[in-house]
Amino acid sequence: MENSENTLPTNFIHQIIDKDLQQGINQGKVHTRFPPEPNGYLHIGHAKSITLNYGTAIKYEGKFNLRFDDTNPAKEEDEYVRSIKEDVKWLGADWEDRLFFASDYFETFDEYAQILIKDGKAYVDFSTPEEISTMRGMPTKPGIESPYRNTSPEDNLDKYNRMKAGEYEEGSAVLRAKIDMTSPNMNMRDPVLYRISKTPHHRQGDKWCIYPMYDWAHGFEDSLEGITYSLCTLEFENHRPLYNWFIDQVPGIHHPRQIEFAPLNITYTVLSKRKLLELVKTNIVEGWDDPRMPTISGLRRRGFTPSAIRSFCEKIGVSKVDSMVDHAFLEFCIKDELNLTAQRRMAVLDPIKVTITNYPEGQSEMVTCDNNPEDPNGGTREVPFTRNLYIERDDFMEEPPKKYFRLSPGKEVRLKHAYYITCTDVVKDESGQITEILCTYDPETKGGDSPDKRKVKGTLHWVTQEHGVPAEVRLYDKLFTKENMLNLEEGEDYKDFLNPESLVSIKGCVLEPALKEAALGEGFQFMRKGYFVIDNKDSAPDHLVFNRTVGLTDSWAKLQKKLKG
Ligand code: ATP
Ligand code: MG
């Protein structure tokens, strides 16, 4: 993450680390990890966690691990492992040779469980899940002890071994820690360490039929890898006492420090993996990488760059307080970057024919266009100009209102980088529809300026009929219509707020010829239309498909002003 170096703004976690370093804690080492469960694709919230964990390791010249938290065989798949590795790498976080799987530690978790059992701190419980839940009670009322709670360590070890050997059915027994059934923290009321599952595991096959619960496994994973700071989202704050308790039960092992931060939430967006999975499974979206999805692969396909996503994650900062980030800010971050880097091109999305009647038939010439007015080294390109052109249908009005500065009968406008033209007539079909606009051009205005300083108010983009490249263009909008998707009323479902216009596909667009050479992932500004990128799935040389990453409207600064009123 080259440009993260020194740029990850300091935050409360770094203040904690600075203090620790001053006191010589962890011998000055900083070691973080990103621990995804391979049960879905990564989303922009995960990018925040990756940026924080990797950025922190870089800042303190420490290490960063990628670890798959693959402790639940039922929901995990190798496809997710593959996509997560690809996305983390694409974001620029480098785990070097430290790629780990929690399932590789199953033997160790098993040894640790036996330590607890022998110490009388864990027991096999044959109560039903409902009974366990009822006995746990409510935070305001002490729980009830299980009838299996005070069985002997020998007895429990025997039962645990039988559980492991597959002698019991799924759901008929669990191993629980013996902690405190009266604790106001429900997580401490004899949490479950292991449950039985006979589903094969994606890496372990049917070697195991007991699987560790998240809380039991996670701290040990961190400990075994020598993680010093286990950074996680706020919902784990109440789990921290348990995280610490488990590690304290096993003598002599490394004790990482868990620090919680607020998860990322974005307006008009859902970031729950369960919901994103449902959108995919029910074909509401085209897949995990649908450009409307807040997934890393969706954002990539939409035209976001790793640097823009990192910049977003760095700018929103890290805090302990839950908050909602404006969707427009994510768009601002990519716009801000593409404004400086994207080459300008001309693309007519809804073409109408224009004929320059005083331009010789069969003649063509090149006009010079700058690639990026924001970039002094952006260079220029040559674009062909001929008698037969296309412009946008809505850049012409036969009977324009006042202050319509584009083309209309008798009106003169500039064709960007080319000539001034004046509309002289229109051609209509039987139904009265305009099929062609007739214009004359002023040969003295080549390059888009008139020697007599004649002013025109409108400047239009255009493409020649002979050289224009056909393409499909997809315009995207927010997937949901409700601003705060976390705030649903009773009886409302998040799917009630799907935006029916989140995807508009326009076929029959024409692009200037240079766009035939567009590289995957290269963002372009289509003049007056927004920023676009080649679709990395559906585009082919004989059927170009471009996705709109983001429109050209409102900068963040303007938006802020508007919001302030
Ligand atoms: P679930 O656990 O419900 O499947 P998850 O989004 O928490 O979903 P994990 O694979 O457990 O998925 O997440 C990996 C890491 O990413 C965790 O450390 C988690 O805290 C962090 N993370 C997840 N969502 C966000 C978010 N919205 N903002 C910041 N970090 C997040
Ligand atoms: Mg999680």
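Both counts, for ligands and for their atoms, begin at 1 and track the order of listing. Since this is a predicted model, take the numbers as computed values, not measurements.
- Within the listing of ligand 1, atoms 14 (C), 15 (C), 16 (O) sit less than 4.0 angstrom from a heavy atom of Phe34.
- Heavy atoms of Lys273 found under 4.0 angstrom from ligand 1 belong exclusively to the side chain.
- Under the 4.0 Å criterion applied to side-chain N and carboxylate O atoms, Glu278 and Lys495 are assigned as salt-bridge partners.
- The aromatic rings of Trp288 and Tyr41 lie parallel to each other, their planes meeting at an angle below 30°, with 60° marking the opposite boundary.
- Residue contacts with ligand 1 for Pro35 involve both N, CA, C or O and side-chain atoms from C-beta outward (heavy atoms, distance under 4.0 Å).
- Between Asn39 and ligand 1, at least one pair of N/O atoms sits closer than 3.5 Å.
- Close approach of ligand 1 to Glu37 is summarised as follows: ligand atoms under 4.0 Å from at least one heavy atom of the residue are 9 (P), 10 (O).
- Annotation: Gly45 places an N or O atom under 3.5 Å from an N or O atom of ligand 1; distance criterion only.
- Contacts between Arg274 and ligand 1 below 4.0 angstrom, taking non-hydrogen atoms only, are absent altogether.
- Using modelled atom types and a 3.5 Å distance limit, the side chains of Asp18 and Tyr60 yield a donor-acceptor pair.
- For Arg203 and Asp104, the salt-bridge test passes: some basic side-chain N is under 4.0 Å from an acidic carboxylate O.
- Using a 3.5 Å distance cut-off with no hydrogens or angles, the side chains of Asn238 and Asn187 do not pair a donor with an acceptor.
- In terms of N/O distances under 3.5 Å, ligand 1 is approached by Thr233.
- The side-chain tip of Arg474 does not point at the ring of Phe546 from less than 6.0 angstrom away and within 45° of straight on.
- The aromatic rings of His239 and Phe236 stand perpendicular to each other, their planes meeting at an angle above 60°, with 30° marking the opposite boundary.
- For a threshold of 3.5 Å applied to N or O pairs, the pair formed by Leu264 and ligand 1 contains at least one separation below that value.
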